[in-house]
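Letters A, B, ... mirror the listed sequences (proteins, then strands); counts begin at 1. Remember, predicted model here, so these are calculated numbers, not experimental data.
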Amino acid sequence: MTNELSFLPENSFLEFVTLLQEQLANEVNLNSLPCSKIKNISAVDVAYDSERSVAAAVIWNIRTRRVIEEVTCSDRVVFPYIPGFLALREGPAALKALRRVKHKVDLILFDGHGIAHPRAAGLATTMGILLHCPTIGIAKRLLVGEFSKDLPISPIRLNGKNVGYSFALGSNRRFYVSPGNMCSIEDIPRVMSLIGPNYPAVMRLADSAARKGLKGLENRTDSNIT
DNA sequence: GCGACAG
DNA sequence: ATCTTGTCGC
Ligand SMILES: [Mg+2]
């Protein structure tokens, strides 16, 4: 069996997780999301140093386009990054932050893919199923699949199916959006016009909040040592 | 076997 | 992801 795990010396654990992911994919809900019902969304991102992670959840009101809540929390790094298994590294920290969010959120954005994944079980899909809520994956690079550079908004094709969309930013850069859970392929362009239309500001805010939180940890440690 | 490979 | 300041370009 040659696959993305073959470089691992001992891969029985990831083979096991692969089976879990294949089962998860059967539970994904790709029904249309009522876009008119979306009031508040959250973006989640995680920053790391060698032993600590900081997850940030930024909650954003669609109508006012303003931040209404921000949560950060630190944790231990529990797993390395392995392509196809980002949820094992990022999921636990993201969950911890999301549990502290006070507002009701109608949609959660994750920094990574949803069903645009070898087993249709990316970070956004995994978290959406765990949380029983609508999620979307927003990635800066492609993991699997193909798209057309000729189209400003191109479908991402994987095994002959549409699994998301690639959005052009100017002429060179692109980002990639796929349903996580409780969201259809057709919803993706609709939602992006609501929260974008470019790379979502709330996603960037989560990214910078997580980094800022990590620096806060480092500085706190420095003063204790100094 | 080789190369690709979210963050 | 992370290491990192100023610098080139729209
Ligand atoms: Mg990130």
Could you tell me the separation between the CG atom of A/Asp207 and the C1' atom of C/dA1, rounded to a whole number of Å?
10 Å
Does A/Ala47 reach a base, just sugar-phosphate, or nothing at all? Heavy atoms under 4.0 Å.
sugar-phosphate
Between A/Phe175 and A/Tyr199, what is the ring plane arrangement, given parallel below 30°, perpendicular above 60°, and tilted in between?
perpendicular
Pairs of donor and acceptor atoms involving the side chains of residues 94-105 of chain A, under 3.5 Å and at least two apart or interchain, shall be tabulated with distances.
{"from": "A/Lys96", "atom 1": "NZ", "to": "A/Ser74", "atom 2": "O", "distance (Å)": "2.9"}
{"from": "A/His103", "atom 1": "ND1", "to": "A/Glu69", "atom 2": "OE1", "distance (Å)": "2.6"}
{"from": "A/Lys104", "atom 1": "NZ", "to": "A/Asp106", "atom 2": "OD1", "distance (Å)": "2.5"}

A/Leu131, A/Val58: one ILVMFWY side-chain cluster at the under-4.5 Å cut-off?
no
Based on Watson-Crick and G-U pairs with both distances under 3.5 Å, what dot-bracket line describes DNA chain C 5' to 3', crossing pairs as [ ] and inter-strand pairs as |?
..........
Spacing of A/Lys215 atom NZ relative to C/dC3 atom C1', expressed in whole Å
12 Å
By the 4.0 Å heavy-atom rule, please label A/Asp49 as base, sugar-phosphate, or nothing.
nothing
Separation of A/Leu86 atom CG from B/dA6 atom P, in whole Å?
9 Å
Whole Å only: how far is the CG atom of A/Leu88 from the C1' atom of C/dA1?
16 Å
Kindly give the heavy-atom pair with the smallest separation between A/Ser53 and A/Val46, and that separation in Å.
CB-CG1, 3.8 Å
With a 4.0 Å limit, can you tell me whether A/Tyr81 has a side-chain N or O closer than that to the phosphate oxygens OP1/OP2 of B/dA6?
yes
Is the charged tip of A/Arg89 near the ring of A/Tyr48: under 6.0 Å from the six-membered ring centre and within 45° of its axis?
yes
Gap between atoms CG and C1', on A/Leu123 and B/dC5 respectively (whole Å)
16 Å
Using a cut-off of 6.0 Å, state whether more than 12 heavy atoms not belonging to A/Asn26 lie near its atom CG.
yes
Taking CZ from A/Arg52 and C1' from C/dA1, how many angstroms apart are they, rounded to a whole number?
17 Å
Does the pair A/Arg211/A/Asp45 count as a salt bridge with the N-to-O cut at 4.0 Å?
no
Would you kindly give the CG-to-C1' distance between A/Asp75 and B/dG7, to the nearest whole Å?
17 Å
Strand-adjacent residues in residues 132-159 of chain A, judged by heavy atoms under 4.0 Å from DNA chain B
A/Ala139, A/Lys140, A/Arg141, A/Leu142, A/Leu143
Could you report the tightest heavy-atom contact between A/Gly145 and A/Ile156, atom names first, then the distance?
CA-CG2, 4.3 Å
Taking atom CD of A/Glu146 as the centre, report whether more than 12 heavy atoms of other residues, nucleotides or ligands fall under 6.0 Å from it.
no
Measure the distance from NZ on A/Lys212 to C1' on C/dA1 and round it to the nearest whole Å.
20 Å
